[in-house]
Amino acid sequence: SIAPNAILYSSVVSACDSGQQWELALELLRRALASELAPDIVAFNAAMDACATGRSWAMALVLARDARERRLEATIATYNIVLTVCSGARHWTLGAS
């Protein structure tokens with residue numbers, strides 16, 4: 001059996017994004033956070049993107065805030081996802097701040 005680690009969680013969350021399974025992506029991210037594994041920005045980006053694909057824009061923004069509070073360094077992908085979310089939710093002012 002494969003022991004879960006941060007890379008494995010990131011990969012599976014990314015697969016959930018590709019499969020349009022945003023609720024499962026959130027659950028896996030929650031499990032990683034509840035364990036002693038520290039999900040990286042890649043896992044957060046994948047979960048945010050999955051939420052955006054599933055039109056769960058508010059949850060995507062919550063994840064962006066959580067990543068920032070955990071002091072994860074945002075990437076260009078992070079900013080693109082947030083702008084996409086804000087565009088989809090018609091909250092341009094949130095994307096600009």
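Predicted model only: the values in this text are computed from it and were never measured.
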Anything under 3.5 Å between a donor and an acceptor, one on a side chain of residues 23-35, the other on a protein residue two or more places apart or in another chain? List them.
unit_1 : atom_1 : unit_2 : atom_2 : d
E27    : OE2    : R31    : NE     : 3.2
S35    : OG     : A32    : O      : 2.8
S35    : OG     : L37    : N      : 3.1

Residues forming a side-chain hydrogen bond (donor to acceptor under 3.5 Å, both in side chains) with S14, sequence neighbours excluded: none

Minimum heavy-atom distance G54-W22, with the two atoms named: CA-CD1, 3.6 Å

All pairs passing salt bridge (Lys or Arg N to Asp or Glu O under 4.0 Å) where residues 37-64 contributes a residue, at least two apart: none

Joint hydrophobic cluster, V62 plus F44, side-chain heavy atoms closer than 4.5 Å: yes

Counterpart residues, side-chain hydrogen bond (donor to acceptor under 3.5 Å, both in side chains), relative to T75 (two or more places apart): N45, T78

Pairs flagged by salt bridge (Lys or Arg N to Asp or Glu O under 4.0 Å) wherever residues 61-73 is involved - sequence neighbours left out: R65-E69

V13 to A46 - nearest heavy-atom pair and separation: CG1-CB, 3.6 Å

Nearest atoms (heavy-atom pairs only) where W57 meets A52: NE1-O, 3.8 Å

Minimum-distance pair of heavy atoms, taken over all atoms of M59 and C51: CG-SG, 3.7 Å

